[in-house]
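Quick notes on the structure that follows.
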2 protein chains.
Amino acid sequence: MARLNMRELALKLGVDRATVSRALSNDKAHLVAPATRERIRQAAGAAGYRPDLTAATLRRGRSHTVGILVSDLGNETFIDVIRTIFRHLDARSDAPSITPLIAETLDHPDATRRLIHTFLSRRVDAIISLASTEADTAILQDAAREVPVVLAIRAIAGAVFPSALCDDRAGGAMVATHFAERGHKIVCQVQGPPLSATFKNRALGFSEVCASRSIVETPQRIFAETATSAAGKRTLDALLAISPRPTAIFAHNDALALGVIEAMRHRGLRCPEDLAIVGFNNTQLSRILAVPLSTVDYPVEEVSRHAGELVRNLIADPSYRFESRLFTPSLIVRASS
Amino acid sequence: MARLNMRELALKLGVDRATVSRALSNDKAHLVAPATRERIRQAAGAAGYRPDLTAATLRRGRSHTVGILVSDLGNETFIDVIRTIFRHLDARSDAPSITPLIAETLDHPDATRRLIHTFLSRRVDAIISLASTEADTAILQDAAREVPVVLAIRAIAGAVFPSALCDDRAGGAMVATHFAERGHKIVCQVQGPPLSATFKNRALGFSEVCASRSIVETPQRIFAETATSAAGKRTLDALLAISPRPTAIFAHNDALALGVIEAMRHRGLRCPEDLAIVGFNNTQLSRILAVPLSTVDYPVEEVSRHAGELVRNLIADPSYRFESRLFTPSLIVRASS
DNA sequence: CTGTTAGCGCCTTCAC
DNA sequence: GTGAAGGCGCTAACAG
């Protein structure tokens with residue numbers, strides 16, 4: 001079925017293409033006589049006319065498209081943030097809706113560069129990165145010369161981008177404080193890959209409080225290669241080999257925590273009696289466990305809303321005086337600690 | 001920074017825009033003298049020139065874009081299939097790379113219609129739906145008049161679309177056979193929402209084998225509102241109220257299985273001693289559990305490859321005589337059954 | 001092998 | 001309130 005275009009539709013109605021364009025637009029519809037406008041909209045609907053957005057993009061210089069980089073599509077928190085950002089972006093029913101171009105970097109700088117290149121070639125109106133690492137600083141700065149670049153979830157140390165972040169350091173600190181209050185003297189972290197600022201900051205906040213409250217962080221540090229439950233599971237042996245043995249673990253996210261818990265269960269160790277555990281993110285998983293997981297609730301809503309606002313304002317006015325913000329998470333104490 | 005366009009680049013090099021276009025293309029580069037071609041490519045790289053793909057799309061009538069519908073971005077199996085499809089689509093290094101437009105339907109027919117509309121307006125070269133339900137039949141058939149529409153994972157009964165599916169009925173049958181072999185006499189399913197053909201077929205295959213091997217399926221059927229662990233957790237009360245009490249459960253996916261297991265743990269019931277459980281999908285989760293979950297391995301690779309091939313061939317030639325295929329999953333017996 | 005020309009479908013002046 | 005005309009950046013068709 002050949003697609004109907006605007007010229008053909010105009011011809012059929014005996015009006016000019018420009019009139020059709022105006023009648024079908026959001027912002028210029030008032031320039032068309034109400035009767036004509038309705039007639040045109042009716043006919044467009046009946047004929048199944050669909051404006052060609054690639055042509056409109058070329059003409060307008062605006063694609064109503066936003067590129068979004070995420071390191072791992074399997075991460076519930078990232079997905080929640082993406083969903084929520086676009087819910088906010090599309091909530092403005094006056095503005096035309098925005099199509100996200102979602103791409104996964106898997107934390108490969110090469111992939112990141114390629115994807116950003118693609119975004120720019122496709123004329124995205126802005127880029128949101130939930131995946132930035134220090135390796136991407138230069139690429140992102142380059143991109144920022146062409147379109148607004150907004151960072152969410154992950155900051156880049158030493159680079160100034162409009163951003164919407166969780167105060168991971170405060171989150172780490174909350175966990176340490178909680179351990180102190182529960183009387184733990186020896187604790188340990190199961191750290192996520194320090195490539196992303198997220199985990200670095202969680203570790204920092206936790207360690208600072210441990211130092212100030214004279215809790216001993218075991219000298220051995222446990223790093224998981226990835227922030228997944230499989231990697232978490234593999235850390236238990238190392239954890240149990242530590243002497244003196246910690247009584248509480250801060251796992252840098254819920255997946256890691258789950259891995260540790262399953263490994264413990266396998267060995268017949270109980271949580272929290274043998275080892276208390278706190279995770280991070282407050283994922284669905286943390287709630288369904290038979291021993292519900294203590295965790296830090298990620299401020300998904302706030303981070304997403306602010307990221308959405310930054311993007312919207314920067315698209316409307318690239319010189320918009322943006323404000324980066326850091327949102328405070330909150331500790332949720334459940335049965336695992 | 002004003003973006004450089006092809007005309008400006010050509011001017012700078014003292015050649016025609018068409019020559020630049022050819023030199024930078026994949027398929028017509030051989031038409032340009034090697035020396036000129038290299039000079040142009042160098043200069044393009046140095047100047048940071050990026051062809052405008054929206055303009056190219058308009059001219060070519062091909063966007064090198066594929067729309068992909070998924071019901072739930074939080075589902076590991078869907079994400080795996082999406083990843084794998086695009087790995088296959090992009091593997092052909094001769095062809096220009098394809099940008100996916102990923103959109104989540106949450107199984108709302110309205111959202112589906114809107115998203116398909118957007119895809120077509122953005123001139124996608126094809127649509128892949130991993131989210132089709134019977135409510136979408138008409139919309140998808142409409143769309144199929146404009147671009148190839150390929151179904152993956154979920155079929156639509158009574159509609160003919162090129163598709164790449166898992167033989168869910170066979171999968172359900174395998175689980176029942178396994179229960180028969182283990183000597184279970186009374187069994188029950190925790191069914192996912194029948195909206196998607198997936199769960200209907202799993203249920204059917206399971207029930208058929210139960211009937212033929214004279215295993216009793218408990219008269220009460222357990223339906224989870226969604227195929228999530230939270231919903232699975234809530235089914236345990238109903239399961240335990242069934243009389244006669246089943247000794248084995250077929251949960252329609254791993255998330256449901258996990259929910260049931262956690263609820264059991266909460267009550268002090270052991271798996272598999274008190275209740276054997278088998279899930280579906282062979283997700284990461286199923287492997288890390290302390291009592292590793294028996295499950296049915298989803299043929300992600302085959303489904304994805306075939307979906308990718310269908311899309312590639314149908315884009316190249318819309319009248320391509322496609323073959324829909326059904327791939328057989330395989331039972332993985334672990335400790336939970 | 002390279003240049004010329006035209007036009008993809010839309011939106012935005014400008015004119016009336 | 002509507003029409004006429006041009007051009008966004010690219011590539012296909014046709015010359016030469």
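Since this is a predicted model, take the numbers as computed values, not measurements. In the text below, chain A, chain B and the rest are named by the order of the sequence lines, each starting its count at 1.
Atoms CZ (B:Arg62) and P (C:dC8) sit 18 Å apart, rounded to a whole Å. Remark: P of D:dC10 and NE2 of B:His64 are 14 Å apart, rounded to the nearest angstrom. For the pair B:Arg3 CZ and D:dC8 P, the computed distance is 15 Å after rounding to whole Å. One atom, CG of B:Asp16, and another, C1' of D:dC10, lie 12 Å apart when rounded to the nearest Å. To the nearest angstrom, P of C:dC11 lies 11 Å from CG of A:Asn26. Between A:Arg17 atom CZ and C:dT13 atom C1' the separation is 13 Å, expressed in whole Å. Separating the CZ atom of A:Arg123 from the C1' atom of D:dG9 is a distance of 9 Å, rounded to the nearest angstrom. Rounded to an integer number of Å, the gap from A:Asn5 CG to C:dC11 C1' is 14 Å.
Side-chain polar atoms of A:Ser71 and A:Arg154 form a donor-acceptor pair below 3.5 angstrom. Of the N and O atoms on the side chains of B:Thr99 and A:Arg122, at least one donor lies less than 3.5 Å from an acceptor on the other residue. No donor-acceptor contact under 3.5 angstrom links the side chains of B:Glu301 and B:His306, judged on distance only. For the residue pair B:Thr57 and B:Ser63, no side-chain donor N or O sits within less than 3.5 Å of a side-chain acceptor on the partner.
At D:dG9, none of the side-chain N or O atoms of B:Tyr49 fall inside 4.0 Å of OP1 or OP2 (strictly under the cut-off). The side chain of A:Thr19 contributes an N or O atom lying less than 4.0 Å from OP1 or OP2 of D:dG3. Using a 4.0 Å cut-off, some side-chain N or O of A:Arg60 falls inside it from OP1 or OP2 of C:dC11.
Of the charged side-chain nitrogens involved, none lies within less than 4.0 Å of a carboxylate oxygen, so that B:Arg312 and B:Asp90 do not count as a salt-bridged pair. Between B:Arg325 and B:Glu302, none of the side-chain N atoms (NZ, or NE/NH1/NH2) sits under 4.0 Å from a carboxylate O, so this pair counts as no salt bridge.
Using a 4.0 Å cutoff on non-hydrogen atoms, the parts of residues 27-40 of chain A near DNA chain D are A:Leu31, A:Val32, A:Ala33, A:Thr36, ordered by number.
Comparing B:Val15 and B:Arg59 along DNA chain C, the residue whose closest nucleotide (by nearest heavy atom) sits nearer the 5' end is B:Val15.
At a threshold of 4.0 angstrom between heavy atoms, the contacts of A:Ala18 include nucleobase atoms, whether or not backbone atoms are also involved. Within the 4.0 angstrom heavy-atom criterion, only backbone atoms of the sugar-phosphate kind lie near A:Met6; the bases stay farther away.
Separating the CZ atom in A:Arg37 from the CD1 atom in A:Ile40 is a distance of 9.5 Å, to the nearest 0.5 Å.
Checking D:dC8, D:dC14, D:dC10 against the side-chain heavy atoms of B:Arg22 singles out D:dC14 as nearest.
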